[in-house]
Protein chains: 2
Amino acid sequence: MRLVIATCEVVYEGRLSARLPRAKRLLLVKADGSLSVHADDRAYKPLNWMSPPCTTEAYPDRWVVRNAKGETLTVGIDEIHLDVAHDLGFEPGLEKDGAEVGLQGLLADHPEAIEPGLVLVSREHETGIGPVDLLCHAPDGTFVAVEIKRRGEVDGVEQLTRYLELLAGDNRLRPLRGVLAAQKVTPQARRLAAGRGIGWVEVDYDRLRGLEPAIPTLF
Amino acid sequence: MRLVIATCEVVYEGRLSARLPRAKRLLLVKADGSLSVHADDRAYKPLNWMSPPCTTEAYPDRWVVRNAKGETLTVGIDEIHLDVAHDLGFEPGLEKDGAEVGLQGLLADHPEAIEPGLVLVSREHETGIGPVDLLCHAPDGTFVAVEIKRRGEVDGVEQLTRYLELLAGDNRLRPLRGVLAAQKVTPQARRLAAGRGIGWVEVDYDRLRGLEPAIPTLF
DNA sequence: GTAACCAGCCGCAAT
DNA sequence: ATTGCGGTTGGTTAC
């Protein structure tokens, strides 16, 4: 990994054209060949970058980074204020929580969080154009197709609508209704769902995770 | 901006739980308060991060970064190999070109790129639930509602379907059909469109931009 | 502030 | 390799 702080101008020519006027910035060169140009804001997002695989040609006054598609990132370097390189060695990698990370796994284990008394019939139930996330059975005898999204927006309602149309052909699943389950459901999605007789529910993700075995902490 | 290369362990407790075992990594602290933990790969994406606004408590052996939602990023520091800080000063900001213009402006100027002989009737034609991107008139006498997406996916077809349903009530626009215009149209979207009598077209963005005035380059 | 939408999205898994 | 899909998506703009 090489860290350079330089006064530079940058031009990206690729899927769009972008230009950065002269200023002092961080140039981050990783072992994978990638280059990112960072300002002192925008959190982790660089102003410009080139993802690997790409190659860099270094000239005295500028670097030209190129990828296979012919996109180029050109860094015109005026002055270098810092230039250090470090070998970071092996990266053991990120361990995300061992249990189910997503909403789907949690809701599959706790369908009663969607509606009291709901029982799971199957996960990823195939419809012909794609799987519906959960298929459940309610105490009132109806089947419930559940579409799970982190953010419940109109496209989630559209997707569920299509699934319901296709599942309507299966008379083993009658009567059938749909529910959109999400951490948050937007007003637009609520309106569209209501107009189609589709239910929605906002799920408390943190509470749901609390029902799982506690997560060992390091500190 | 502060750049630290350290042997460290990292724990994130927030929307999910994640742990990074001990290894040498880059800790990037920006003036906006954000912290990102970078390995020597994954292009510009950090392994872990905390976005602003957030606050950092620094102890001799660890940093604890916290945001308003109570999410924490804890960096246990074993050894520091580099620790430099630089003031980058003012960032003039990114000047994008091409993305701002968007496909819509280009296609409004060149509707013949969607279908030969197509003529623009109006842009952002209101339907009641939102505007359809372009409304055109074809040589065969039909009206064409055009939904423009950079990437043509199923939700674009769904959106256009809803617009067509609403526009069907306007008998000044008969006969009416729909076309999805995108740089790339996914197979799923093609199938769904076909099943609804909706057309689709892939637009060559670069060629279209070539019809516009050339973009001045820096180098 | 919230909601809707776009991104050079990135990155992963299944096909 | 491509497609589909989620992300601690992030970020911008209209409302």
Side-chain angles (χ1 to χ4, degrees), chain A residues 12-18 34 36-37 41-52 54 65 67 69-73 93-94 96-97 101-105 124 129-131 133 147-156 159 182-192 205-206 209, chain B residues 10-18 32 34-37 41-52 54 65 67 69-73 93-94 96-100 102-104 124 129-131 133 148-156 159 182-191 205-206:
Chain A
Y12 168 74
E13 287 286 342
R15 273 161 280 188
L16 59 75
S17 300
S34 65
S36 13
V37 182
D41 58 1
R42 290 161 197 246
Y44 73 68
K45 201 113 199 242
L47 294 162
N48 273 126
W49 70 94
M50 186 66 80
S51 298
C54 61
V65 190
N67 72 6
K69 275 179 276 186
E71 300 169 351
T72 59
L73 186 67
L94 189 65
K96 289 192 180 175
D97 183 26
V101 177
L103 226 47
Q104 187 178 323
E124 304 282 344
I129 54 164
D133 291 329
E147 176 65 30
I148 301 169
K149 293 274 178 196
R150 201 176 53 85
R151 289 182 281 188
E153 297 174 8
V154 281
D155 57 340
Q159 198 174 334
Q183 284 185 256
K184 205 150 182 63
V185 179
T186 65
Q188 215 180 77
R190 294 178 191 194
R191 281 194 297 274
L192 188 62
Y205 186 62
D206 289 331
R209 283 178 63 207
Chain B
V10 185
V11 170
Y12 168 73
E13 287 286 341
R15 276 160 281 188
L16 60 74
S17 298
D32 61 8
S34 65
L35 172 68
S36 14
V37 181
D41 59 1
R42 290 162 197 248
Y44 73 68
K45 199 112 200 241
L47 294 162
N48 274 124
W49 69 94
M50 184 69 79
S51 297
C54 61
V65 189
N67 72 5
K69 276 179 274 185
E71 300 169 353
T72 59
L73 186 67
L94 189 65
K96 283 189 184 179
D97 202 343
E100 310 167 14
L103 228 46
Q104 187 177 321
E124 303 283 344
I129 53 164
D133 291 328
I148 301 169
K149 293 275 177 194
R150 205 177 52 84
R151 284 174 291 185
E153 295 173 9
V154 282
D155 55 342
Q159 197 174 333
Q183 283 185 258
K184 204 151 182 63
V185 180
T186 65
Q188 219 179 70
R190 294 179 190 195
R191 280 195 296 273
Y205 185 61
D206 289 330

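Labels below follow one simple rule: chain letters A, B, ... track the order of the sequence lines, proteins then strands, and each chain is numbered from 1. These values consider heavy atoms only, across backbone and side chains, with no hydrogens, waters or symmetry-generated copies.
- Residues forming a salt bridge (charged side-chain N to carboxylate O under 4.0 Å, His left out) with A:Glu71 (at least two apart in sequence, or on another chain): A:Arg15.
- Not one N or O on the side chain of B:Asn67 forms a donor-acceptor pair closer than 3.5 Å with the backbone of B:Cys54.
- Listed nucleotides: D:dT8, D:dT3, C:dG8. Nearest to the side chain of B:Asn48: D:dT8.
- Every residue meeting the side chain to side chain contact (heavy atoms under 4.5 Å, CB included) condition with A:Ala18, not counting sequence neighbours, appears here in chain and number order: A:Tyr12, A:Leu16, A:Asn48, B:Leu94, B:Lys96.
- For B:Lys45, there are no side chain to side chain donor-acceptor pair (under 3.5 Å) partners, not counting sequence neighbours.
- Between the CG atom of A:Leu47 and the P atom of C:dA7 there is a distance of 18 Å, given to the nearest Å.
- Every residue two or more places apart in sequence or in another chain that forms a side chain to side chain contact (heavy atoms under 4.5 Å, CB included) with A:Glu153 is listed here: A:Arg151, A:Asp155, A:Thr186.
- By the side chain to side chain donor-acceptor pair (under 3.5 Å) test, B:Asp32 is found to be paired with B:Ser34, residues two or more places apart in sequence or in another chain being considered.
- Residues satisfying the salt bridge (charged side-chain N to carboxylate O under 4.0 Å, His left out) criterion with B:Arg190, sequence neighbours excluded, are B:Glu202.
- For A:Thr186, no side-chain nitrogen or oxygen approaches OP1 or OP2 of C:dA3 to under 4.0 Å.
- The distance from the CD atom of A:Glu13 to the CG atom of A:Leu73 is 10.5 Å, given to the nearest 0.5 Å.
- Per the geometry, CZ belonging to B:Arg150 stands 6 Å off C1' belonging to C:dA7, to the nearest Å.
- For the pair A:Lys184 NZ and C:dT2 P, the interatomic distance rounds to 8 Å; values are reported in whole Å.
- A:Gln183 places its CD atom 16 Å from the P atom of C:dT2, with the value rounded to the nearest Å.
- Here B:Met50 lies out of heavy-atom contact (under 4.0 Å) with every strand.
- Residue contacts for B:Glu153: at a heavy-atom cut-off of 4.0 Å it reaches no nucleic acid atom on any strand shown.
- Only the P atoms considered, C:dG11 is 15 Å distant from D:dG11, to the nearest whole Å.
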List, with names and distances, any nitrogen or oxygen atoms from the protein found under 3.5 Å away from nitrogen or oxygen atoms belonging to nucleotides 10-15 of chain D.
unit_1, atom_1, unit_2, atom_2, d
D:dG11, OP1, A:Arg42, O, 2.7

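- In this structure, B:Asp155 places its CG atom 17 Å from P of D:dT3, rounding to the nearest Å.
- Nucleotides C:dC6 and D:dT8 are separated by 22 Å at their P atoms, to the nearest Å.
- Here C:dC9 presents its C1' atom at 12 Å from NZ of A:Lys69, a figure rounded to the nearest Å.
- Distance NZ/A:Lys149 to CD/A:Gln159: 4.5 Å, rounded to 0.5 Å.
- Paired regions of DNA chain D, where each region holds three or more successive Watson-Crick or G-U pairs whose two hydrogen-bonding distances fall under 3.5 Å, are C:1-7 with D:9-15, C:9-15 with D:1-7.
- Toward the 5' end of DNA chain C, the nearer of the two residues A:Tyr12 and A:Val154, judged by each one's closest nucleotide, is A:Val154.
- The shortest distance between the side-chain N/O atoms of A:Lys96 and the OP1/OP2 oxygens of D:dT8 is below 4.0 Å.
- In this structure, CD of A:Glu71 is placed 6 Å from C1' of C:dG8, rounded to the nearest angstrom.
- Residues meeting the side chain to side chain donor-acceptor pair (under 3.5 Å) test with B:Gln188, sequence neighbours left out: none.
- Between A:Gln104 and D:dG6, a side-chain N or O to OP1/OP2 separation shorter than 4.0 Å is absent.
- With rounding to whole Å, B:Ile148 atom CD1 is found 15 Å from C:dC5 atom C1'.
- Taking for each of A:Asn67 and A:Val185 the nucleotide of DNA chain C with the nearest heavy atom, the 5'-most of the two is the partner of A:Val185.
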